[in-house]
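Labels below follow one simple rule: chain letters A, B, ... track the order of the sequence lines, proteins then strands, and each chain is numbered from 1.
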Amino acid sequence: MGDSKLDLLQGTLDLMVLQTLEAMGSLHGYGIARRIEQVSGNQVLLNQGTIYACLVRLEQRGWIALEWGISGNNRKAKFYSITRSGKKRLAEDARYWQRLTGVMDRMFALSPGPGDEAGKV
Amino acid sequence: MSGLIRVHRRVWAFFTKKALDAELAAEIDAHLQLAIDEYIEHGVAPAEARRLALVHFGGVQQAREKQREARGPMQLEILAQDLRYAVRKLMRAPGFTAVAVLILALSIGGNTAIFSFVNSVLLKPLPYPHPGRIVSVWEKHPGGFRNWISTLNFLDWKRENRCFQLLSAVTEDQMTLTGLGSPQELFVQKVSPSYFKVLDVRAALGHTFAPGEDQLGKDQEVLLSNRIWQSQFGGDPNIIGRKITLDAKSYIIIGVLPADSEFDRTRDVMWLPLAFRPADMTRNYHWLSAIARLKPGVTLKQARAQMDAIGARIATAYPESNNGWGVIVEPLIDEVVGTQLRRSLWVLLAAVGAVLLIGCANLASLMLARGTQREHEIAVRSALGARRLRLIRQLLTESTMLGLLGSVAGFALGAMLMRWIKLWMPPGMLPPQADVHIDSGILLLTLIAGVLTGFISGLAPAMNGTRSMLAETLKDGGSHTAGQTRHRTRTALVIAEVALTFMLLAGAGLLLRSFDRLATVNPGVDTTNVLAMDLPIPPAESTDSTTLTNYLREITANVRSLPGVRAAAMTNARPIGGWVRFMPCLIQGWSYLPYSQRPGCFFKKVGPAYFYTVGMRLLMGRGLAESDTAGAPPVAVINETMAKTYFKGQDPIGKHISIRQLAPGKAALGQEIPWQVVGVVSNEKIAGSLGEDDPVLYVTFYQSPLARISLAVRAAIDPSRLTPSIKEAIWKVNKNQAVTDVATLEQIKSAAVAPARIRTILLTIFAAIAVLLAAIGIFGVLSYSVAQRVHEMAIRKALGASSSGLMKLVIGRAMLMVLLGLAAGAVAALALARVLASLLYDTSPTDPVTWVAAGVLLSGVALLASYIPARRAAKADPMAALRHM
């Protein structure tokens, strides 16, 4: 596809899954993976299979719940939904990310420009 | 909290693996189907859709692995995998497994057995609560050794001490129980009422003595041990309050002690309160022992200081009896477990420890050898991606499992060995308070020992075995560097084994030599065909000395007249084993010494025929005669040692020795008797000690009445056959006379050396095991070395070397290893020689004959072990080797 996709750290994928479930409600594994691909504009390198390791981790921590159901085209699948503690965790993480991106933006704005007085000390 | 839940779920995931795997498979299946469906919706052909879906999904297997990793603890998975693999590997090499387990079992078994003894005898031998607070108290003789205590000294201690919470005196006696079937002689301990409180032992039925029961008149009470309650009184449930007759007086039973205690282990025993009569209130007659419980907060040091002060005060106030005497306070444990026993156990423990080390070395060597065979397997696995740590882990799991199997086998062996030792252990060698058994603690220790041994033995082979370079190993030649290191390690291990074995062998040899000397020591009496037996006489019947003397004379005459009996004589202590009192004496011509400072001698009262009966020789003057009766001048015969010690250079005949008379039944000394020496006899061993000879003085029992009575009989034939007729002869005089402890002098002598015997046997067994293990080790290393050098051997042969030359090469290598091991062992052992010294009789720990013999024996064994590998080297076929080049 040309552009290389972004490698994802484990924690960020967790966050993406939680956010997806918060926004979309109950989804099966395939649906979550497709949704993340779509939202990221296919920029995220996602071997779809890796999502299952992520899901089992979130489930063991009690941030998502699961139940078996029937998918759109009559397939039996596991459906995941976010729990209350998952929502709390999501909110915390989202706050953290916003702070982080804010700081990073300011950091990257510090590139030396022509009228920058900081160089002369 | 969520952390805990998570851990719980992860562990649970390990156990529900199959179900979870199935679920995941279904989920992935569904995922793929949904993807395929979506592609098909977008107009992609089904086959292409499937391909795209799979590509998009990524590696299915990898996804599964990742999910498994995420959901459960990998460590448990890996462990389970390793264990299964280890079991399979071990089962596929039954020869190796069997040898390894055998080696471990032999090494560990000895440890289990000996440690169970060490545990119960040395580590927790006293079953009483707070045993560290219980002490034994003695008077200290001017010579520095422990001495019994006199009545008045004891009472003074009791009154003046501030360091003991409780202080109790103890003395032993024999009393006749009548009214319950035939009269029985029973062993009795008379104790202060606080005795059981000192030990903190409570009665199971009734109660123990109350304070105040040591007053005359209030002391007619009896406490029974559980054992005597069962054996004499049939476990009568209404025993409390029952009256019995002891020594013709009536006593009431007030309590029974709990079952399974140390009081039940050796014999039937009863307790009475110790009440002092006015006649017992003496200061110079020593007959009591004492135990005490320290006051809370008082240390042993403080107690000793205090008692020293009290002892000094008594010595100043009563110099005649106590000048130069002091007080000894010791932890009870030191009295219960003697130095000899303690040291024996530590030596044996060190020995089995050495055997364990040898076994460990053997196992490591064995596994290093096996490592060679597994080079291929490891190389392949490492080519498939296994990391070194993972491989090491798996190898260690295997060796640890081997260790576990070995420890189980070793435990079984050890339990059997312990039982066997207990069976053969001479009675009285172990203190009755020691309850030797195998408990869960020892089982745990054994398992840990085995697991650790397996782990440590497997460490070097595991590290070494995984070091191999991949490419080189897969080639036919095999890796040389790893092989060389392995071989060097094995050689070093064998040298260490030889060193340890040499030490054990030499130690066993020393004990054997010492025991041989001990067993053949001349006891001073002729032990062939001589019988000894005890005739307990209740004190009530022994107060009139004339009646007693005539009674004993009659018995002696009766026994003497039996066909087959050459001689018979009474004595107050049976030969070799009997207990004799040590009496202070004053020799004519010496300046006056207060009683407390006089040297002493053993005092034996015998029938005139005694010397002839036991085979002692008359060296000077005359022996004792029938004419030395109560009215005649008091005469004595001394032994050689006494003559040498107290009459250096002089003629002892005619000299007088003053000794105070002992009266049976009284805790007091009679008047001083000036015994005149009329003869000198050869030495006999006294008081169970086969060591140094002591000074002994003999008088007839006509002139000094007997309290304890034994009869010695010399027969023309095996005396045990005469026992029934001897008993008959005695009963003809008095049908109620108890006859106990019948034994030949041979048996008595054997019993005296029994502790040394069992100690020697055990150490020899362990040394033998060590030799076996060392031989296996040498054999293994040499076989491997020869196998590796087959090419070299063949080439040598092709170049003209003879078979015998090749054999010499191999054997030479073996002997070099052995020599290095012997040298190392000798150096180490010289350092430890002193430890063994106290257990040896008349043998120096550096006895050269023993050491040389041990070295020669070990070299011989090594020679044997190297024979087969040497022959294999000699048989190397040059043609086959050349073909392989």
[X] atom [atom1], over 12 foreign heavy atoms within 6.0 Å:
X	atom1	answer
A/Leu100	CG	yes
A/Lys78	NZ	yes
A/Tyr96	OH	no
B/Phe96	CZ	yes
B/Arg50	CZ	no
A/Trp68	CH2	yes
B/Gln62	CD	no

Residues of residues 29-37 of chain B within contact distance of chain A, non-hydrogen under 4.5 Å: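 At a heavy-atom separation under 4.5 Å, chain A is reached by B/Ala30, B/His31, B/Gln33, B/Leu34, B/Ala35, B/Asp37.
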Compare every heavy atom of B/Gln67 with every heavy atom of A/Tyr52, then report the nearest pair and how far apart it is.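 Residues A/Tyr52 and B/Gln67, closest heavy atoms: O-CG, 3.6 Å.
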Taking all non-hydrogen atoms of both residues, which atom of B/Glu38 and which atom of A/Tyr30 are closest, and how far apart?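 Heavy atoms of B/Glu38 and A/Tyr30 come nearest at OE1-OH, 2.5 Å.
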